[in-house]
Amino acid sequence: MPGDCSIRALWILNNLDAVVFSRRFPVVEKRWRAACQSENESSDDDPVKYTVFSSIPSDSELAAAFSERKTREGSVRGFGIRVSQSREGSDSWVDDPITRHIVGVYINKEEEGENNLMWPLALHIKGPYCILILPLVEPRHVKAYARLCKRSDCGNAVTAHENLSSLLLDLPSITGAFMVAHAVGDIVTGDVVEPEVVVNQSPSVGGLLDSLTGSIGISGISSRAKPVAAPVASSTPAGAAAIGALASDVPKSGSRLLDKDALRSFISSAMPFGTPLDLSYSNIFSVRANGFSSLDIPPQDLKQPAWKPYLYKGKQRLLFTIHETLHAAMYDRDEIPDSLSVSGQINCRAELERLPDVSFPLTGLSTSKIEALSFHPCAQVPEQNVDKQALMFSPPLGNFVLMRYQATCRLGPPVKGFYQLSMVSEDEGAFLFKLHLMEGYKSPLTMEFCNVTMPFPRRRILSFDGTPSIGTVSNAEHSVEWKIITSGRGLSGKSIEATFPGTVRFAPWQMQRSTSFRSVFEGITDDDSDNETENTNNMANTEEFLMEKMSKDLLPVDLEEPFSWLAYNYAKVSFKIIGASLSGISIDPKSVSIYPAVKAPVESSSQVTSGDYILWNTLGKCPSAVTAKV
């Protein structure tokens, strides 16, 4: 079977587990059936021969199977690890977190006996929709997964004869399936946003494709504009929050209506006969809306790539933006180390005529400790050097992501310190923040803003009291927000210390499932009243008792609030830093070369935004990952 990516079918389900859209590809399915027949003929004695589901289920069968899996696994994505509720044959039995994203379902077909496992399904949750993509793999891969689902031991041991990691490495179609899922998700929710390129100056000349937004005028271009890409911006990228965002376990309720016509049009153009060709919605929209004219035909000596359907005409320039997202878990505990990680991408906009090649060395790789790299299909990447990674690419039109990477933070945390919250009574908590901002950071690194939020998703705030040493404070029904640095008053070249002591009062807690806090607390006091010393000790341990009692009474909240699971308490930091990357990766505009040579200015900028930057309550419970001992 060829190693390319082909899609057998896709489904979109709403939050009621009903299929609202589906598409099957008979050409790909014919290849699957032929592969199943060949596999069955060559493995008559295979004990798991009948675990491969050889046909595409109906929408109702798929919906029922997906709902059954959700019930079996505890949520839409599932446990991801083997727990006491896991059953043999389920995804969580494999004991690998990737099974929260690559799932299998059992189709209920009595006439086919046990021949009902359908795997792999790439699961992507976007808005109120669950998107399932079924790529074409070989039947032996499905059988291998079936064996993993029945294995008595658990985990992904390196020494194991079969494990999920090695199985997935043999399936590049999984990557293609997730690319399709994300493209479809953006279309059904209306989030088709091009990556923005941030520059220090406002743009004066619009590119060929800026007419889509209408925010930049177009002049000196051919007969008609081809609206493909978003314009250059000097503000925070709209898609910044998506980088490194946590995958919600629960589809959000309420959204725009599903545009099935737009989705059908995209699928027929982007992946005809089930084979993804170009998943750029902007390119496909432009071609369908404008078509081609004689002016769009490239010279015969040029070979035009699929990602550049139109040639640019106008003032030339080349723009790069290194956009990083910093994730952190700050514990302020000796037994638990703090965790910092960087996920970044290099956005590019090449307003260059004809079809030039662009090349430059990417510096800083030795200090940034890159953990993962991926590139746009237009890039050619030779072997990596010690500190430099040479890149050459033929850029598409408009804004695009040239490279994505995972790295470690070269500098220390931009916001460090501690957050403490202790419950002094059932409905009142005392808190304290002591933070250091930009310690060890030097110019040109500038923090444009910094906010700290204390969320209380299951408690309603009545009032709070406290005055910070710097900044302003406001509260909503379920959160308190501390604005330390506001926009327009950036922090550069120095560090500051910020403290914020205070108290917060909550509405009375409604105990539905257990005795009230007061009766339990009074009961403990009465039992110990004959011993004054023990009574004093009990009062000293009031805080510990309160936290334990409230943790027991709190129901687990939806995984939309993952950090409030089992009453964990935390504060979340939001900030933006400009001037340089935190990983150490950089682009020197003077080292960028364009062939054939043209006079085009090259600009480069960097910005860092916070992802899940968490300050865990030092006085409470907190989840942490155990460091593997090598």
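By convention here, the first residue in the shown sequence is residue 1.
One N or O on the side chain of Asn399 and one on the backbone of Pro195 form a donor-acceptor pair closer than 3.5 Å. Using modelled atom types, one side-chain atom of Thr189 and one backbone atom of Gly185 make a donor-acceptor pair closer than 3.5 Å. Judged by distance alone, the side chain of Trp93 and the main-chain N or O of Arg82 form no donor-acceptor pair under 3.5 Å. Looking only at distances, no side-chain donor or acceptor of Asn451 sits under 3.5 Å from a matching main-chain atom of Lys483. In this structure, Thr71 contributes its side chain and Ser67 its backbone to a donor-acceptor pair below 3.5 Å. For Tyr331 (side chain) and Ser339 (main-chain N/O), no donor-acceptor pair under 3.5 Å exists by modelled atom type. Under the 3.5 Å distance criterion, the side-chain polar atoms of Asp91 are left unmatched by any main-chain donor or acceptor of Val103.
Once rounded to the nearest 0.5 Å, the distance linking CZ of Arg489 with CD of Glu448 reads 14.5 Å. If you take CD1 on Ile187 and NE2 on His182, they are separated by 13.5 Å, rounding to the nearest 0.5 Å. The distance from the CD1 atom of Ile322 to the OG atom of Ser581 is 5.0 Å, given to the nearest 0.5 Å. Rounding to the nearest 0.5 Å gives a distance of 7.5 Å between CG of Leu435 and SG of Cys450. Here Met330 contributes atom CE and Thr618 contributes atom OG1; the two are 10.5 Å apart, rounded to the nearest 0.5 Å. Note: Lys572 NZ to Met454 CE = 15.5 Å, rounded to the nearest 0.5 Å.
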Legend entry - From CA spacing to verdict: side chain to side chain contact (heavy atoms under 4.5 Å, CB included), Tyr441, Leu411: CA-CA 8 Å; Tyr441 284 64; Leu411 302 173; 3.6 Å; yes
Legend entry - Verdict with reasoning, Tyr570 to Tyr419, per ring pair (Phe, Tyr, Trp, His ring centres under 6.0 Å): CA-CA 8 Å; Tyr570 70 99; Tyr419 160 57; 8.5 Å; no
Inset, instruction - For the pair Ile98 and Leu164, evaluate side chain to side chain contact (heavy atoms under 4.5 Å, CB included) and give the outcome as yes or no after the intermediate values. - result: CA-CA 9 Å; Ile98 196 63; Leu164 187 56; 3.1 Å; yes
Inset, instruction - Dump the intermediate steps for side-chain hydrogen bond (donor to acceptor under 3.5 Å, both in side chains) on Arg77 and His101, then the final yes or no. - result: CA-CA 7 Å; Arg77 292 198 180 276; His101 307 275; 3.1 Å; yes
Inset, instruction - May I have the step-by-step check of salt bridge (charged side-chain N to carboxylate O under 4.0 Å, His left out) for Arg459 and Asp427, ending in yes or no? - result: CA-CA 9 Å; Arg459 298 302 300 266; Asp427 301 321; 2.9 Å; yes
Legend entry - Stepwise side chain to side chain contact (heavy atoms under 4.5 Å, CB included) check, Val480 with Thr453: CA-CA 6 Å; Val480 175; Thr453 302; over 6 Å; no
Inset, instruction - Would you check, one step at a time, whether the test side chain to side chain contact (heavy atoms under 4.5 Å, CB included) holds for Thr408 with Glu371? - result: CA-CA 8 Å; Thr408 56; Glu371 299 173 354; 3.4 Å; yes
Legend entry - From CA spacing to verdict: side-chain hydrogen bond (donor to acceptor under 3.5 Å, both in side chains), Glu73, Ser92: CA-CA 7 Å; Glu73 295 286 341; Ser92 59; 3.1 Å; yes
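The shortest distance between side-chain heavy atoms of Leu168 and Ile102 falls below 4.5 Å. Within the 4.5 Å cutoff, the side chain of Pro120 has heavy atoms near those of the Pro135 side chain. Residues Leu373 and Met403 meet the side-chain proximity criterion, which asks for heavy atoms closer than 4.5 Å. The shortest distance between side-chain heavy atoms of Thr446 and Ile577 does not fall below 4.5 Å. In this structure, the side chains of Leu582 and Arg410 stay at 4.5 Å or more apart for every pair of heavy atoms. Residues Leu279 and Val180 meet the side-chain proximity criterion, which asks for heavy atoms closer than 4.5 Å. Using a 4.5 Å cut-off on side-chain heavy atoms (C-beta onward), Ile370 and Ile585 make contact. Annotation: side chain of Leu123 is in contact with side chain of Leu132 (closest heavy-atom distance under 4.5 Å).
For the 3.5 Å distance criterion, the side chains of Thr609 and His323 qualify, holding a donor opposite an acceptor. Of the N and O atoms on the side chains of Gln406 and Ser343, not one donor lies less than 3.5 Å from an acceptor on the other residue. The closest side-chain donor-acceptor pair between Thr321 and Ser605 falls under 3.5 angstrom. Side chains of Glu324 and Ser583: a donor-acceptor N/O pair is present below 3.5 angstrom, by distance only. Using modelled atom types, one finds a donor on one side chain and an acceptor on the other under 3.5 Å when comparing Asn163 with Ser166.
Close placement of the Phe456 and Phe506 rings is indicated, their centers lying within 6.0 Å of each other. Taking the centre of each ring, Phe500 and Phe431 come in below the 6.0 Å mark. For His124 and Phe178, the ring centers sit 6.0 Å or farther from each other.
Minimum interatomic distance between Ala498 and Ile470 (heavy atoms only, all atoms of both residues): CB-CG2, 3.6 Å. In this structure, Leu167 and Trp119 approach most closely via the heavy-atom pair CD2-CH2, 3.6 Å. Nearest heavy atom pair, residue Ile131 against residue Ala181, reads CD1-O, 3.8 Å. Contact detail for Ser610 and Thr325: the closest heavy-atom pair is C-CG2, 3.9 Å. Looking at every heavy atom in both residues, Thr99 comes nearest to Arg69 through O-NH2, 3.3 Å. Nearest heavy-atom pair, Leu326 versus Pro414, reported as atom, atom and distance to 0.1 Å: CD2-CD, 3.4 Å.
Atom CZ of Arg87 is surrounded by 12 or fewer heavy atoms from other residues, nucleotides or ligands within 6.0 Å. The number of heavy-atom neighbours closer than 6.0 Å to CZ of Arg72, taken from other residues, nucleotides and ligands shown, is above 12.
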